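Note that the structure is a prediction, hence the values are computed from the model and not measured.
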Amino acid sequence: MLLTVLSYAMIVIFMFVIMKKKMSPFTALVLIPLVFAFIAMFSGVAKKGSIGDFVLEGIKTTSNTGIMLLFAILYFSIMLDAGLFDPITRKMIHIAKGDPMKVLVATAVVAAAVSLNGDGTTTTLICCSAFIPIYKKLDMKLMNLAVLIILQNTIMNLLPWGGPTARAMSVLNVGAEILAYLAPGMIIALLYVIVIVAPSMGRKERARLGIKELSDEEIDEMTIITDEETLAIRRPKMWAFNAFLTVLLIGLLVTDSFVGLGLPPLFLFLTGTVIALIVNYPVLKDQSSRIGANGGDAVQVVILVFAAGVFMGLFQGTGMADALAQSFTKIIPNQLAGFWGLVIALISAPGTFFISNDGFYFGVLPVLAEAGRSYGFTDMQMALASLMGQAFHLLSPLVAFIYLLLRLTGLDMGQWQKESAKWALGIFVIFIVTIILTGHMPIYIKQ
């Protein structure tokens, strides 16, 4: 009982200090679970083990992501320095002609396409690298960029190689046909973001900024680089090579997601960074300069990823995650047995937000599924229901790559979560309504 109380208290306090900006995400991710872990251990309700072991186990779960992020950030930073995205930026501004609406719709379309590889880090790096210069030149809000990226990645994350769907399939032993059942909701949700969310943002930006009918000459003048330091690190003659290398890298990332080439993202970004440095900056002094100039941004993100590992390690190692999972099933009254599919769908929202995907699908879902079978629900129905909460999962402070997104856009986590959540609610509703209307999950089974 005490462990359950501690788990809820820790989550409430953590979200409070983040939302109210009482602590930075880095300090909150480490100090708050550490305090509660000590309380649990001293009161004798925690699982056996040491704080150090819990922390190390947690860091192991995020270490690959952290190291991959380090080299991914360095790679795309080098590509930015070399000027890979300059022509893309100029072309998009020419197409938009100063209209924020067109830029926002283009953001939603590109974010959806890039998210096909199921990796939030790659999506964030590519979209931010391409669009941040455009948003800044047109004085548009970067909040809209960050929200559109996360919404589209949230939807595409339901593809089996994205992670949560594969976990649900393995736990409940359902086949690949689950993707066909999810597809209608995913397509409608993508259109919702492209046709409703992005234009809604666009209308507000038009009202704030107006539609600047810029001539080609004005756009060229706006996009020309005059800063001597920036020009010194540009490598326009290497543009074709850099474009080929980047396309090859992304192609290998996507292909590995489908067929398993044995080329993990960490290895690909490490190799790509080395090649990019040697080809674009063959002089050792220039290589050191580029690493030094971009290393700070990379470290800021990586330490947050490891801090998230500390949080997960302490939360799961002490048993607080298990206690929270068990409490989900105990607080549900028996009268709701016939609505068990909806119950799982509703629980999956806070469940996948406050607990890692591994913790929810391997810890909570089996308990919920066991009860659901006795109420007459099939494994497929419960697997589909458990994925509905993914609409909010990527807003969780336990998702590593969001710290990269927030770092690149310079946004506050609490404000970004609030802005994203109101649109994510629409995705959540679309997901649930779609699987009900298509007949893949009943609203009620008579008991």
Side-chain angles (χ1 to χ4, degrees), residues 19 89 92-116 120 123-124 126-158 182-214 349 353 388-396 399 401-402 405-406 408-434 437:
M19 293 289 190
T89 301
M92 286 189 174
I93 293 178
H94 273 286
I95 293 172
K97 293 290 185 183
D99 187 353
M101 175 78 79
K102 293 179 180 178
V103 176
L104 285 159
V105 172
T107 302
V109 172
V110 172
V114 178
S115 294
L116 273 168
T123 300
T124 298
I126 293 173
C127 291
C128 287
S129 298
F131 282 101
I132 283 178
I134 300 172
Y135 277 64
K136 287 184 175 179
K137 286 184 184 296
L138 297 179
D139 197 30
M140 293 172 61
K141 292 180 179 178
L142 289 177
M143 176 65 79
N144 292 334
L145 171 64
V147 171
L148 289 174
I149 289 173
I150 210 68
L151 292 180
Q152 297 295 61
N153 197 246
T154 286
I155 298 164
M156 300 305 284
N157 198 43
L158 288 183
L182 291 168
M186 292 173 66
I187 293 170
I188 294 171
L190 288 171
L191 292 174
Y192 157 75
V193 176
I194 295 170
V195 178
I196 296 177
V197 179
S200 175
M201 293 174 173
R203 285 189 288 272
K204 291 180 181 179
E205 287 291 73
R206 275 180 175 175
R208 187 174 68 89
L209 302 171
I211 302 175
K212 302 173 185 177
E213 289 295 336
L214 302 173
F353 183 89
M388 300 299 96
Q390 288 297 316
F392 300 101
H393 170 66
L394 295 185
L395 305 184
S396 169
V399 175
F401 81 85
I402 69 166
L405 178 63
L406 296 174
L408 292 175
T409 53
L411 298 173
D412 171 73
M413 179 187 286
Q415 292 176 343
W416 169 77
Q417 285 174 322
K418 290 177 185 176
E419 186 66 23
S420 300
K422 70 179 184 182
W423 297 113
L425 180 61
I427 294 174
F428 183 58
V429 172
I430 288 170
F431 282 170
I432 293 178
V433 170
T434 305
L437 293 181

Visitor: Any idea which heavy atoms bring I427 and A391 closest together, and the distance?
Guide: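 The answer is CG2-CB, 4.0 Å.
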Visitor: Below 4.5 Å, heavy atoms only, C-beta onward: do K204 and N144 meet side chain to side chain?
Guide: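 The answer is no, as the side chains (C-beta and beyond) never meet within the 4.5 Å cut-off.
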Visitor: Would you give the length of the straight line joining atom CG of L191 to atom CD1 of I155, rounded to the nearest 0.5 angstrom?
Guide: 9.0 Å
Visitor: Can you tell me how far the CE atom of M143 sits from the CG atom of L145, to the nearest 0.5 Å?
Guide: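 Taking CE in M143 and CG in L145, the distance rounds to 11.0 Å.
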Visitor: Between Q152 and A111 (side chain of the first, backbone of the second, donor and acceptor by atom type, cut-off under 3.5 Å), is there such a pair?
Guide: no
Visitor: To the nearest 0.5 Å, how far apart are NZ in K137 and CD1 in I132?
Guide: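 Between K137 NZ and I132 CD1, I get 13.0 Å after rounding to 0.5 Å.
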Visitor: Indicate whether the side chain of T409 and that of Y135 have a donor and an acceptor atom separated by less than 3.5 Å.
Guide: no
Visitor: With side chains defined as the heavy atoms from C-beta onward, is the minimum distance between F131 and I149 less than 4.5 Å?
Guide: no
Visitor: Quick one: pull up CG in L142 and NZ in K136 and give me the separation to the nearest 0.5 Å.
Guide: 6.5 Å
Visitor: Look only at the side chain of E205 and the backbone of M140, and say whether a donor-acceptor pair between them is shorter than 3.5 Å.
Guide: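 Answer holds: no.
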Visitor: Would you check if D412 and W416 make a side-chain contact, meaning some heavy-atom pair closer than 4.5 Å?
Guide: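 Side chain of D412 against side chain of W416, heavy atoms only: no contact under 4.5 Å found.
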Visitor: Does V193 reach the side chain of W423, with side-chain heavy atoms less than 4.5 Å apart?
Guide: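 They are not in side-chain contact.
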Visitor: I need the minimum non-hydrogen distance between G120 and N153, along with the two atoms involved.
Guide: CA-OD1, 3.4 Å
Visitor: Identify the two heavy atoms, one from A108 and one from A198, that lie closest to each other, and give their separation to 0.1 Å.
Guide: CB-CB, 4.2 Å
Visitor: Would you say that P199 contacts L104 through its side chain, given a criterion of any heavy-atom pair below 4.5 Å between the two side chains?
Guide: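 Of all side-chain heavy-atom pairs linking L104 with P199, none is under 4.5 Å.
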Visitor: How far does NZ of K102 sit from CZ of R206, to the nearest 0.5 angstrom?
Guide: 8.0 Å
Visitor: Less than 4.5 Å apart, side chain to side chain, heavy atoms only: is that true for F431 and L158?
Guide: yes
Visitor: Considering all heavy atoms of both residues, which atom of F392 and which atom of A349 are nearest to each other, and what is their separation?
Guide: CD1-CB, 3.8 Å
Visitor: Verify side chain to side chain contact (heavy atoms under 4.5 Å, CB included) between L151 and Y192, making sure each step is shown before the conclusion.
Guide: CA-CA 10 Å; L151 292 180; Y192 157 75; 5.6 Å; no
Visitor: Is there side-chain contact between M101 and M201, with heavy atoms separated by less than 4.5 Å?
Guide: no
Visitor: Could you pull out the closest heavy-atom pair between L405 and T124, with the gap in Å?
Guide: CA-CG2, 3.7 Å
Visitor: What distance separates L148 CG from C127 SG, expressed to the nearest 0.5 Å?
Guide: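 It comes to 9.5 Å.
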Visitor: Measuring only between side-chain heavy atoms, which start at C-beta, is I402 closer than 4.5 Å to L395?
Guide: no
Visitor: What are the two closest heavy atoms between S420 and I150, and how far apart are they?
Guide: OG-CG2, 3.9 Å
